[in-house]
Amino acid sequence: RIAGSEKIALGQGRIDAIGLIVIPTPIFTKPQYPAAYAVDSEEYTILSQIFKKTGLSLDDWYITPTVMCKGRAKLDHLLACNERLGELVKIISPKYVVLMGKQSYYSFFGVSQSKENLGWISNNNYKTFYTHNLSEYIGLKTKNDSKCQDMAKTMMNHWKTIKEEMDLLT
């Protein structure tokens, strides 16, 4: 048990991945098995579609949640996982880190960030990109919110930018 929870989600992907995607709290699928973005989740489906359209491969990325335990993430949970995320970066040695949403940013850096500052973040060891939370996008889509289309375009452009940057280094 970690932090009083029975189920945890460590992440999914290859340990030799060139990129690390940090997502908000884990999505749990029926019958409540933990997964970073479970293969049958809408988030995973959308991420797969984005990757297909941009020419990226999920095989090149390791996906991990900000907080590994089930339940609503509190501020102290986010900060507690900061060290774990740092250790994961040391193990994987990614060239790219993508932070999806404010929760991921806060857990990774230990400070908050607004959506207005989306994009590349200065970092010496690896390239870091801050983008939208897919679950937030799905929530807007479900409500038929007009912001949904803008967020979809922004996310697609963000991943195209990441792909272009990756192509420059290969």
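Since the model is a prediction, treat every value here as computed from it, not as a measurement.
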Colleague: Could you give the distance from CG (Leu88) to OG (Ser93), rounded to the nearest 0.5 Å?
Modeller: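 Answer for the CG-OG pair, Leu88 versus Ser93, is 10.0 Å.
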Colleague: Decide yes or no on side chain to side chain contact (heavy atoms under 4.5 Å, CB included) for Lys102 and Asn133, but give the supporting numbers first.
Modeller: CA-CA 8 Å; Lys102 288 192 260 187; Asn133 171 352; over 6 Å; no
Colleague: May I have the step-by-step check of side chain to side chain contact (heavy atoms under 4.5 Å, CB included) for Gln49 and Thr45, ending in yes or no?
Modeller: CA-CA 6 Å; Gln49 291 168 350; Thr45 300; 3.7 Å; yes
Colleague: Check whether Asp60 reaches the backbone of Ala17 with its side chain - one donor and one acceptor, N or O, closer than 3.5 Å.
Modeller: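 No, the answer is negative, given that no donor and acceptor are paired below the 3.5 Å cut-off.
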Colleague: A side-chain contact here means heavy atoms from C-beta on lying under 4.5 Å apart; do Val97 and Tyr62 qualify?
Modeller: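 With C-beta onward as the side chain, the pair stays apart.
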Colleague: Quick check: do His158 and Leu118 have side-chain heavy atoms less than 4.5 Å from each other?
Modeller: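 A side-chain contact under 4.5 Å exists here.
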Colleague: Between Thr128 and Phe109, does the side chain to side chain contact (heavy atoms under 4.5 Å, CB included) criterion hold? Intermediate values first, please.
Modeller: CA-CA 11 Å; Thr128 307; Phe109 287 115; 4.1 Å; yes
Colleague: Run the salt-bridge test on Glu87 and Arg84 with the 4.0 Å N-O cut-off and return the result as yes or no.
Modeller: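 Salt bridge absent between Glu87 and Arg84.
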Colleague: So, do Trp159 and Phe129 sit near enough that their side-chain heavy atoms are less than 4.5 Å apart?
Modeller: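 Contact flag for Trp159/Phe129 side chains = no.
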Colleague: Does a side-chain heavy-atom distance below 4.5 Å link Ile23 with Ile63?
Modeller: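 Result yes, sub-4.5 Å side-chain heavy-atom pair found.
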Colleague: Restricting to non-hydrogen atoms, name the atom on Met156 and the atom on Lys53 that form the minimum distance, rounded to 0.1 Å.
Modeller: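 Taking every non-hydrogen atom into account, CE-CD, 3.5 Å.
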Colleague: Looking at CD of Glu136 and NZ of Lys147, how far apart are the two atoms once the value is rounded to the nearest 0.5 Å?
Modeller: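 Separation between the atoms: 8.5 Å.
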Colleague: Which distance, rounded to the nearest 0.5 Å, do you find between the CD1 of Ile21 and the OH of Tyr96?
Modeller: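 Output value for this atom pair is 13.5 Å.
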Colleague: Do the side chains of Ser107 and Val22 get nearer than 4.5 Å, heavy atoms only?
Modeller: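 No, every pair of side-chain atoms sits at 4.5 Å or beyond.
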Colleague: Rounded to the nearest 0.5 Å, what separates atom OH in Tyr130 from atom CD1 in Ile121?
Modeller: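 Answer for the OH-CD1 pair, Tyr130 versus Ile121, is 8.0 Å.
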Colleague: Spell out, as yes or no, whether a donor-acceptor pair under 3.5 Å connects the side chain of Thr142 to the backbone of Ile138.
Modeller: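 Answer holds: yes.
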Colleague: Can you tell if the side chain of Ile162 reaches within under 4.5 Å of the side chain of Lys127, non-hydrogen atoms only?
Modeller: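 SC-SC contact between Ile162 and Lys127 ruled out.
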Colleague: Taking all heavy atoms of Asp59 and all of Arg14, pick out the closest pair and write down the distance.
Modeller: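 In this case the closest contact between Asp59 and Arg14 is O-CD, 3.1 Å.
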Colleague: Measure the acute angle between the ring planes of Phe51 and Trp61, then classify it against the limits of 30° and 60° as parallel, tilted or perpendicular.
Modeller: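 Perpendicular: the ring planes of Phe51 and Trp61 meet at over 60°.
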Colleague: To the nearest 0.5 Å, what is the distance between CD1 (Ile46) and NZ (Lys141)?
Modeller: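 Spacing of CD1 (Ile46) from NZ (Lys141) equals 4.5 Å.
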Colleague: Quick check: closest heavy atoms across Pro94 and Val89, and the distance to 0.1 Å?
Modeller: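 Minimum heavy-atom contact is CD-O, 3.4 Å.
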Colleague: Between Pro24 and Ser104, what is the shortest heavy-atom contact and its length?
Modeller: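 For Pro24 versus Ser104, the nearest heavy atoms are N-OG, 3.3 Å.
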Colleague: Can you tell if the side chain of Met151 reaches within under 4.5 Å of the side chain of Asp145, non-hydrogen atoms only?
Modeller: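 With C-beta onward as the side chain, the pair stays apart.
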Colleague: Atom CG in Leu56, atom CG in Leu58: separation rounded to 0.5 Å?
Modeller: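 CG of Leu58 is found 8.5 Å from CG of Leu56.
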Colleague: Does the side chain of Ile92 reach to within under 4.5 Å of the side chain of Asp16, using non-hydrogen atoms?
Modeller: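 No; the side chains remain at least 4.5 Å from each other.
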